[in-house]
Amino acid sequence: MAGLQCELPSELCCRPMAFVALTGLDVVYNAVHRAVWDVFSANRRTDRVPISFKILPGDHEYPKCRTKRTSYEWYIPKGILKTTWMNKHLNEVPALVVVFYELDWDDQQWKEKQSECATKVEIVRSSLQSRNTKVAVVLIQKKTPLPPGEDLVASERAAAICHACDLSGKSLFVLPHTDHLVGYIIRLENAFYEHAQTYYYNEIRRVKSHKEFLNKTTHQLLFVRHQFKIAFFSELKQDTQNALKHYRTAYSLVHELRAHESNMLEIKTLAGFINYKVCRLCFQHNTPLDGISQFRKHIDLCKKNIGSAELAFEHAAWMAKQFQSFGELFDDAIKLGLAAIQTQNPGFYYQQAAYYSQERKRLAHQLSQAGAIYLSSDAMDILNGGLDYYGQRPWRQGHQSIDPPDQDKERKGILALQVNERDVPHSELILTLLSNAVAQFKKYKCPRMKSHLMVQMGEEYYHAQDYAKALKLLEYVMCDFRTERWCGIQTAILTTALQCAYLMASVKHYIIFCMELMGRASTLKKEQKSRIGENLMQVLKNKIPDPEPQCDQFSANAGRSLWNQFMASGGSDEVIIDVQDYVPFSSSCIPVSLIVCTDLHLFSDRPLQCKAKFQSPSFHVDEVIRLQVFVKADCPHPVSFSKLAVSLSNQEYNQWCVLETSGQERETLLPGKSKCYNFSFVAKTRDVGKKIEMTGVEIMIGSGSGRCVFLRWRGAGGDVATSHEFMPSNRSSCFHDVKEDLDWDFITIVQNTMIISRVPKLYVELSHQPPALCNEMYPIHFTVQSLEEAVAKDVKLTAGLNPGQDANLSQTTHVTLDNSKTYDDTTPPLLPDILLGNLNPGEKLNRCVYVICSTTGPRLFLFHISYNIDVTVDGQQIECKCQKDETVTIETLVPFEVSASFLSTKFEPLEQIAMDIPFLMLTAVQSSSPWALILTSSSLQSIGITNTRHHEFQLRDGASPYTS
């Protein structure tokens, strides 16, 4: 009963709608009647009037109407609100009874059917037993009626049937069964709704009329009851504003009642009912702040009204229900368009409901710890049977005095409630509320609130002994707490998760959580870490660990049984752990692999931290590639391991990145100290231009005779929370075999390195005499000398216009090696792979390249030399392909720019000569070696200028006359 008392009845939570009873319809055997009922009942959209229809037989017995009270002088109420009252007016006492009868105006048996219809109406009236319920008649007809006033027979017979049935003209309706049946029925519904409105209006007036007979000394309960009834009838009448006003009045009155132990539950129950109605109407009127304010006021007024300490769990259950119901109202309003915010959403109310449910569970647990409670089946019957009034005790119904009438029954009733409470599924209630809260906080993007509640859900699943779900939830949230470094919270979660892992006999999870709880981020005491370390050693030796101290004896025995079964079944002896996901309370976004094989007798803590780096972001192919792995023992005891390996993207190099000891030799790390282990290998020439990346790891802790645990770091290890983690490494960093006492936080990570080509050892010289002239065959002298210690094989030259420049330059630039040939448009702008042969050490080679540019402007010319050479790297002979580029920019100019002006014999400018400007002739003559240019003017004498000049321009040695 404790659970039932705090629940909100369904008739309170539904939307009150006018109740209209339909009689005279045979929906089973009459197709017409069935069609009529389907239109009434199906597809009740929001645009149709709010009426609840129900088919009842014509002789249905409605609830009897009590004798009207004329005086309240000696009347003492037994309670506030009867448990049957709301349901009675929602589903039992109709506002209107409609009698359906098939009768046409021109029916041949009109008199007999009229009499039969009147009889049916009289039966309905007698069944209502003097209630104020309205009665109406609907005549189902086959023909469509004529407009009012045109069918005189119909008017006459309508008046006759109203007289026979004692009906007003507004209570007689005609329903033609035609194609427009839906439209006719919607019009009928509107008429029924008006009759129902009148009925509820009269009921409100009837309840209000009692007020003059009441006094506040003995009739306090009636003031609350009448206000509630008026508000409820107003809701049925769809007058929600008036309903809200009367509910508020009822709420104020209920808190004016004199509260004592015997009636406190009744007062709280009715206060909860009325508060629910007020909040619901506030949301319905789109005034959510008023609803929230009302709910806060309600909680402040009621939260201290605990009542009997023996039934304190009942108050916690009631408080939980208040928050839950308000959260549901809030959520429903949001679905209908109300806007919520991150700091004010239904999740907070579900969370608080879960809190009170947890408090209820705690109080119930205290009862069970106080001692076993036994009651006979006869004594338990004290809770059976229905209640007459909401909020009253089953064994003292209708009793309003302070002292209970029967102390023995009171004691048995309280004990019966306590016994019932032990059987309540508290965890289910709590998990449902927490799940609702999590969904809301997820919707409104509150990740920390969501994680906090998911931890509570995991703990609740643990208490409910559903360890698999508990572990799944706790693992999910641990990722967030690891990343954000909430060490205290993480330690508490890990403690619960470790208990789940033990009770499930989950070896992998047990090992992981043991390692984390022993690590630097764990807030456990040293002796607790030592105990966990001993348990971990037992697991690694294929033995059963001791149960966690927090586990009760029954659960511990069940867990040990599961461990025995696991050992007997020969479960897997290999466990793989992604260290970055668990142990360091963070996860890294870059991949390293580290294999660690640890000696059992020396292992007692979470083993290692790891960071790895290439010594340089890039290496030449003829250099030894070096990488370092830094390992730190993050534990209070020395750690020994026998194997360490780094996995790379090119697996061919993995064999060179392994540190493995044999026999009794072990690599030992002192507590809190770090060491650096160096690896080197020679890159393949085919990997030039490619990246080599650290990718993955395999770690083994244990031995062949026990259980093997593989630790794994992704990428280059490390921790995303470490500062300076991903800074680029300095090329000049030192290389030592072992480094101790390193500053761990300042060890940088370099995950990958680039393999670049070997540096060529060539001396290249380009010589030329700028500028180049348009259409000149311009020579560029190219000299290359080998500085290699071995023969440079297959030396090739690519010379010409550097690619990637303006496309027009490719069409106006030509390159050739032979200046004795003329050029044309087919001469290419770039000469590729000109074979120059081999170059011995110190040998020098000269070549000349001619370029012809037909347009002016700057051009960039490329000289690319490539060759192969055999070199020895770290004892390995490899063939390297070397290449060197030289570029030169050449500006092309127009050979000559000539201007002319006319002067007088006094060398003054002649500006007024009205004649054509004579042309100038530019000729080239070979007067003597070398070639010369002579500038003459044959037209100067024609205008009287006899003083002529000529200029000779010395050409450079070796220039071709074609370029002049």
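You'll find the side chain of V97 stays beyond 4.5 Å of the side chain of K134, heavy atoms only. Taking the side chain as every heavy atom from C-beta outward, N30 and L25 never approach each other to under 4.5 Å. Here the side chains of D388 and T83 are not in contact, with every heavy-atom distance at 4.5 Å or above. Looking at F295 and V278, their side chains never come closer than 4.5 Å, going by heavy atoms from C-beta outward. Between K412 and W395 there is no side-chain heavy-atom pair separated by less than 4.5 Å. Within the 4.5 Å cutoff, the side chain of F213 has no heavy atoms near those of the H219 side chain. Inter-residue side-chain proximity for I186 and N190 is flagged as met; some heavy-atom pair is nearer than 4.5 Å. The shortest side-chain heavy-atom distance between V20 and Y193 does not fall under the 4.5 Å cut-off.
Salt bridge K142/D104: absent, no basic N to carboxylate O contact under 4.0 Å. Salt bridge annotation for E203-K229: absent, with no cationic side-chain nitrogen under 4.0 angstrom from a carboxylate oxygen. The pair R360-E421 meets the salt-bridge criterion, with a side-chain N (NZ, NE, NH1 or NH2) lying under 4.0 Å from an Asp/Glu carboxylate O. Under a 4.0 Å N-O distance rule, the pair E235/K245 does not qualify as a salt bridge. Checked for salt-bridge contact, R44 and E189 meet the test: a charged N lies under 4.0 Å from a carboxylate O.
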Would you check, one step at a time, whether the test side chain to side chain contact (heavy atoms under 4.5 Å, CB included) holds for L22 with L56? CA-CA 6 Å; L22 308 181; L56 297 175; over 6 Å; no
For a salt bridge (charged side-chain N to carboxylate O under 4.0 Å, His left out) check, start with the C-alpha distance between D106 and K143, then their side-chain angles and the critical distance, and finish with the verdict. CA-CA 10 Å; D106 58 353; K143 300 177 182 178; 2.7 Å; yes
Steps toward side chain to side chain contact (heavy atoms under 4.5 Å, CB included) verdict (H33, F100): CA-CA 9 Å; H33 292 188; F100 284 83; 6.0 Å; no
I would like to know whether F192 and F40 meet side chain to side chain contact (heavy atoms under 4.5 Å, CB included); could you show each step before the answer? CA-CA 12 Å; F192 295 165; F40 273 114; 3.9 Å; yes
Can F228 and F273 be said to form a ring-ring contact (aromatic ring centres under 6.0 Å, His included), step by step? CA-CA 10 Å; F228 185 90; F273 287 3; 7.5 Å; no
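Checking W85 against H89 by side-chain atom types alone, a donor-acceptor pair falls below 3.5 Å. For Y349 and Q322, the side-chain atoms include no donor-acceptor pair closer than 3.5 Å. Between the side chains of H177 and Q141, no donor N or O sits under 3.5 Å from an acceptor N or O. For the 3.5 Å distance criterion, the side chains of H315 and Y356 fail to qualify, holding no donor opposite an acceptor. Side-chain contact, T240 with H285: a donor N or O sits under 3.5 Å from an acceptor N or O. Judged by distance alone, the side chains of E460 and S427 do bring a donor and an acceptor atom under 3.5 Å apart. The closest side-chain donor-acceptor pair between Y251 and H255 falls under 3.5 angstrom. With 3.5 Å as the limit, one finds no donor-acceptor pair spanning the side chains of E11 and N91.
Between the CG atom in L222 and the NZ atom in K211 there is a gap of 13.0 Å [rounded to 0.5 Å]. Rounding to the nearest 0.5 Å gives a distance of 12.0 Å between OG of S234 and OH of Y200. To the nearest 0.5 Å, atoms NZ (K268) and SG (C6) are separated by 10.0 Å.
Considering all non-hydrogen atoms of both residues, H246 and A231 come closest at CB-CB, 3.7 Å.
Here the side chain of Q397 pairs a donor or acceptor atom with the backbone of G386 at under 3.5 angstrom. The backbone N or O of R206 sits less than 3.5 Å from a side-chain atom of S209, completing a donor-acceptor pair.
A 6.0 Å sphere centred on CZ of R48 holds more than 12 heavy atoms belonging to other residues, nucleotides or ligands.
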Please tabulate, for side-chain N and O atoms in residues 157-176, each donor-acceptor pair with protein atoms closer than 3.5 Å (sequence neighbours left out).
residue	atom	partner	partner atom	Å
R157	NH1	W105	O	2.3
S168	OG	S171	OG	3.3

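For the ring-ring contact (aromatic ring centres under 6.0 Å, His included) with H298, the lone residue among F326, Y247, W318, F323 that qualifies is W318.
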